[in-house]
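Note: hydrogens, waters and symmetry copies are ignored here, and every other heavy atom, side chains too, is used. Lettering of chains follows the sequences in order, A, B, ..., and the numbering in each one begins at 1.
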Amino acid sequence: MSGDLIVPGVGDPWPADPEAARAVQERLAGRVRPEALEADAVSVVAGLDVTYAVDEERLVAAAVVMTADTLEVVETSVVTARPRFPYVPGLFAFRELPPLLEAVDRLRVRPDVYVCDGYGLAHPRRFGLACHLGVLLDRPALGVAKSAFVGRTEAPAAQRGAWSELREGEEVLGRALRTREGVKPVYVSVGHRVDLEGATRLVLRLTPRYRLPEPIRRADQLSRGVLAGRTASSG
DNA sequence: GCGACAG
DNA sequence: ATCTTGTCGC
C-alpha cells in the first residue's frame, strides 16, 4: 500500500536531482484528496516549521501540538538534521520533509490537522509541502504561506477574516486571507483531506492575535531556539 | 528569452 | 530562510 511512496528512512529512495523530485510530485499529486473539514470540530492541531542555520548545513524541524480552542501547547518535538536536497523553489518539501516527518512521528498525540508553513495545492504542480506531508501520512493537512508563489489574487478587504481567491485562470488554488486588520494577508491552500472553506475557518481560529497561525509561530520559535542553542523554554 | 521564485 | 535593535504606532 505504501511501498511506492517516497518516504525517508534507511534504504528508501529519495530523488537525487530536481528532475526526479518533480517526477515524484507529479506522481503523488494524484493522491491528494480534498474533503470537507468541519473547522469548529477540530480540537487538536500541530504546527510545523523548519529553521535553517546560516550556512544551511543544519536544519531544525519542530512540531507543536496545541488545542484549537484555548491554543495551549500539548506536546512538542524537535529534530535536527542535515538537508538532503538543495533549496529549489517548488521543491523545498524535499529539504524539509525528512526531519518534519521524523518530528511528527515522535509525537504521542495525534493531531486532527497538520498546519504547514508553505503551500498545498497553490504550487506549480499542485503538490506543495502540505500536500506532500498530508498524502504521506494520509492525514488532514493545510498550508499557510507568507507570500504568493503561483497564481494571482486581488487584495482582500482590510478587516480580519476578509479573503480573496488565489487563482490561475479559472482554477482556484487557495485564498489570500486577512488574519489581522490592515496586515498583509497570508496564503491558505488545501494540503490533503481538508477543503478551502474549512482551512480558512481553522486558520482564523488559530490567529486570534498575530498574522500567522499560533501553531506555526510556536513551531518557529521552538526550532529557532534549538538552533540557537537555547534550551527548551516555557514561553 | 527574461524575470520571478514557498522556506 | 539567515544576518539584527530599537522604534514608531495602534
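- Follow the hydrophobic side-chain contacts under 4.5 Å out from A/L136 and you reach A/V194 in the same cluster.
- Base contact: A/G90 has a heavy atom under 4.0 Å from a base atom.
- Counting to the nearest Å, the C1' atom of C/dA1 and the CD atom of A/E57 are 14 Å from each other.
- At the heavy-atom level, A/L100 lies nowhere under 4.0 Å from the strands shown.
- Between A/H192 and A/Y114, the ring center distance fails the sub-6.0 Å criterion.
- Among the protein residues, A/L129 comes within range of the nucleic acid bases, having at least one heavy atom under 4.0 Å from a base atom.
- Whole-Å rounding puts the A/F149 CZ to C/dA1 P distance at 15 Å.
- Put simply, CZ on A/R152 is 16 Å from P on B/dA4, counting in whole angstrom units.
- As a whole-Å value, the separation of A/R95 CZ from C/dT2 C1' is 12 Å.
- The side chain of A/K146 contributes no N or O atom lying less than 4.0 Å from OP1 or OP2 of B/dA6.
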Salt bridge (Lys or Arg N to Asp or Glu O under 4.0 Å) between A/R82 and A/E57, intermediate numbers included: CA-CA 6 Å; A/R82 297 181 82 77; A/E57 290 294 298; 2.9 Å; yes
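- The two residues A/K184 and A/R211 make their nearest non-hydrogen contact at O-NE, 2.9 Å.
- Look at CG on A/L212: it is 13 Å from C1' on B/dG7, rounded to the nearest Å.
- In this model, the phosphate group of B/dA6 is approached by a side-chain N or O of A/Y87 to a distance below 4.0 Å at OP1 or OP2.
- Within the 4.0 angstrom heavy-atom criterion, only backbone atoms of the sugar-phosphate kind lie near A/D49; the bases stay farther away.
- One atom, CZ of A/F85, and another, P of C/dA1, lie 20 Å apart when rounded to the nearest Å.
- To the nearest angstrom, P of B/dG7 lies 12 Å from CZ of A/R224.
- A/R180 has no side-chain polar atom (N or O) that falls below the 4.0 Å cut-off from OP1 or OP2 of C/dC10.
- Cluster annotation: A/F92 is connected to A/L137 through the hydrophobic network of ILVMFWY side chains, with a link wherever side-chain heavy atoms come within less than 4.5 Å.
- The CG atom of A/L166 sits 12 Å away from the C1' atom of B/dA6 (whole-angstrom rounding).
- At least one side-chain nitrogen or oxygen of A/S147 sits closer than 4.0 Å to the OP1 or OP2 atom of B/dG7.
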